[in-house]
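These notes are about the structure you will find just below.
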Amino acid sequence: MFPIRDHNPSQRTPWVTWALIVLNVAIFLGYQHLFQNERALMAFYLDWGLVPAQVSAGGAWSGFLTSQFLHGGWMHLLGNMLFLWIFGDNMEEEFGHLPYLGFYLASGVGAGLWQVLAEPGSFVPMVGASGAIAGVMGGYLLLFPRARVDVLIIIVFFIRILPVPAWSMLGLWFGFQLFGGLSAEAGIGGVAYWAHTGGFLVGVALTLPLWLRRGAAGYWRRTDGRPPHPEARYRTVRTSIPPAGRRR
């Protein structure tokens, strides 16, 4: 179950979101050859990723920024870029191009700081745009809690695209990150759950002034928690794959 699009079309060209996607892909292609050499790849991540133990020792502050543009593989990259594509354009429209870029990078820095505070002695390098994108998702939830998001559901032979309100999809995602952070063993590799939760909360906090200027809960009442413009309409897709021997 993962999102594939929302029903919240942007009214202006999201130049910054597009540029971030292109930059992330270009940087990944630039060091993709290192995946053939695990030692070289780890050295690269230690140099350019965010290493909590190094930050705790008073160094490697540049990793808060550079780590946001590195990824651990194609699936990591493509998953992050999909989420940025779905939610980034609307947040860019709400903030404006340059303020949105600041919002994005600040969310990523906040996510990294949250991970450092959670595991200050870890030598495992953290890489990925997930923390910054989590901030985008947190801000989106605050502004458009009832915007419809299409999620692709695959259960064995059942495949369906189902529209759900943003609050349910994003709330469930945040809940999984919080649970993962509380249950994961500290100091080992894997998903940086605390960076995800931290980035999400920083995104909410940075969007809060905009939401308050628009009337806070009154803004939700005026818009019913939905985008303040007509929603995009897509055809619902439902299909099933019959088991072998029963094809028709």
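In what follows, every heavy atom counts, from backbone to side chain, and hydrogens, waters and symmetry copies are set aside. The structure displayed is predicted, hence computed values, not measured ones.
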Trace of the side chain to side chain contact (heavy atoms under 4.5 Å, CB included) decision for Leu84 with Ile21: CA-CA 8 Å; Leu84 180 57; Ile21 292 173; 3.8 Å; yes
Atom CD of Glu38 with >12 non-hydrogen neighbours under 6.0 angstrom: no
If you count the non-hydrogen atoms of other residues, nucleotides and ligands that lie under 6.0 Å from CH2 in Trp167, is the total more than 12? no
Less than 4.5 Å apart, side chain to side chain, heavy atoms only: is that true for Gln177 and Phe200? no
Under a 4.5 Å cut-off applied to non-hydrogen side-chain atoms, are Leu162 and Asp150 in contact? no
Apply side chain to side chain contact (heavy atoms under 4.5 Å, CB included) to the pair Leu101 and Leu20, showing each step before the final yes or no. CA-CA 9 Å; Leu101 177 60; Leu20 286 169; 4.3 Å; yes
Non-hydrogen atoms of His33 and Gly30 that approach each other most closely: CE1-O, 3.3 Å
Search all heavy atoms of Ala147 against all heavy atoms of Glu231 and return the closest pair with its distance. CA-OE2, 4.3 Å
Tyr140 versus Asp6: any side-chain heavy-atom pair under 4.5 Å? yes
Centroid-centroid distance, His196 to Trp114, less than 6.0 Å: no
Approximate separation, where rounding is to 0.5 Å, of Met42 CE and Leu34 CG: 12.0 Å
CZ of Arg160 to CG of Leu152, rounded to nearest 0.5 Å, is 12.0 Å
Could you tell me whether the side chain of Glu92 and the main chain of Val16 form a donor-acceptor pair under 3.5 Å? yes
Minimum-distance pair of heavy atoms, taken over all atoms of Val202 and Ser107: CG1-CA, 3.9 Å
Can a donor-acceptor pair be found, under 3.5 Å and without considering hydrogens, that links the side chain of Ser56 to the backbone of Pro120? yes
So, for His71 and Ala129, which heavy atoms are closest and what is the spacing to 0.1 Å? NE2-N, 3.4 Å
Could you give me the CA-CA distance, side-chain angles and deciding distance for Leu23 and Ile27, then say whether side chain to side chain contact (heavy atoms under 4.5 Å, CB included) is met? CA-CA 6 Å; Leu23 184 59; Ile27 290 175; 3.9 Å; yes
So CE of Met137 and CZ of Phe83: to nearest 0.5 Å the spacing works out to 5.0 Å
Out of curiosity, does Val164 fall in the hydrophobic cluster containing Phe87 (side-chain heavy atoms, cut-off under 4.5 Å, transitive links)? yes
If you group Ile, Leu, Val, Met, Phe, Trp and Tyr by side-chain heavy-atom gaps below 4.5 Å, do Met169 and Leu201 land in one group? yes
For Val149 and Pro3, the nearest pair of non-hydrogen atoms, with its separation, is CG1-CB, 3.8 Å
So does Trp15 get a backbone contact from the side chain of Thr13, meaning a donor-acceptor N/O pair under 3.5 Å? no
Would Phe64 end up clustered with Phe69 when hydrophobic side chains under 4.5 Å apart are linked, directly or stepwise? no
Atom CG of Leu141 and atom CG of Leu170: how far apart are they, to the nearest 0.5 Å? 5.5 Å
Within the distance-only criterion (no hydrogens, no angle test), does the side chain of Gln54 pair as donor or acceptor with the backbone N or O of Leu50 below 3.5 angstrom? no
Residues Arg146 and Asp224 bridged, charged N to O under 4.0 Å: yes
Do Trp18 and Leu98 belong together in a cluster built from hydrophobic side chains that touch within less than 4.5 Å? no
Are the side chains of Tyr45 and Asp47 in touch, meaning some heavy atoms are under 4.5 Å apart? no
Side chain Trp220, main chain Leu142, donor-acceptor under 3.5 Å: yes
Has Leu29 got more than 12 heavy atoms of other residues, nucleotides or ligands less than 6.0 Å from its CG? yes
Side chain Asp89, main chain Pro9, donor-acceptor under 3.5 Å: no
For a side-chain hydrogen bond (donor to acceptor under 3.5 Å, both in side chains) check, start with the C-alpha distance between Ser130 and Asn80, then their side-chain angles and the critical distance, and finish with the verdict. CA-CA 6 Å; Ser130 307; Asn80 277 345; 3.0 Å; yes
I need the minimum non-hydrogen distance between Pro52 and Val116, along with the two atoms involved. CA-CG2, 3.9 Å
Hey, could you give me the CG/CG distance between Leu77 and Leu82, rounded to the nearest 0.5 Å? 11.0 Å
Taking the six-membered ring for Trp, are Phe28 and Trp74 parallel (under 30°), tilted (30 to 60°) or perpendicular (over 60°)? perpendicular
Quick one, His7 with Arg226, criterion side chain to side chain contact (heavy atoms under 4.5 Å, CB included). Give me CA distance, side-chain angles, the key distance, then yes/no. CA-CA 10 Å; His7 292 244; Arg226 301 175 184 274; over 6 Å; no
Flag the pair Val127 / Phe44 as yes when at least one side-chain heavy-atom distance between them is below 4.5 Å, and no otherwise. no
Decide yes or no for Val136 and Phe103: does some side-chain heavy atom of the first lie under 4.5 Å from some side-chain heavy atom of the second? yes
Whether Glu119 side chain and Leu117 backbone form a donor-acceptor pair below 3.5 Å: no
Just to verify, which of Trp85, Tyr100, Tyr104 counts as forming a side chain to side chain donor-acceptor pair (under 3.5 Å) with Thr17? Tyr100
How far does CE of Met91 sit from OG1 of Thr207, to the nearest 0.5 angstrom? 4.0 Å
Using the ring centroid of each side chain, check whether Tyr31 and Trp48 are separated by less than 6.0 Å. no
Step by step, would you call Arg214 with Glu94 a salt bridge (Lys or Arg N to Asp or Glu O under 4.0 Å)? CA-CA 11 Å; Arg214 295 190 176 180; Glu94 298 302 319; 2.3 Å; yes
Using modelled atom types and a 3.5 Å cut-off, is there a donor and acceptor pairing between side-chain atoms of Thr66 and backbone atoms of Ser62? yes
Taking atom CZ of Phe35 as the centre, does the number of heavy atoms from other residues, nucleotides or ligands within less than 6.0 Å exceed 12? yes
Give a yes or no on whether Leu206 and Leu208 share a hydrophobic cluster (residues Ile, Leu, Val, Met, Phe, Trp, Tyr; joining criterion: side-chain heavy atoms under 4.5 Å apart). yes
Side-chain touch Leu105/Gln68, heavy atoms, less than 4.5 angstrom: yes
Would you mind reporting whether Leu65 and Val109 have side-chain heavy atoms less than 4.5 Å apart? no
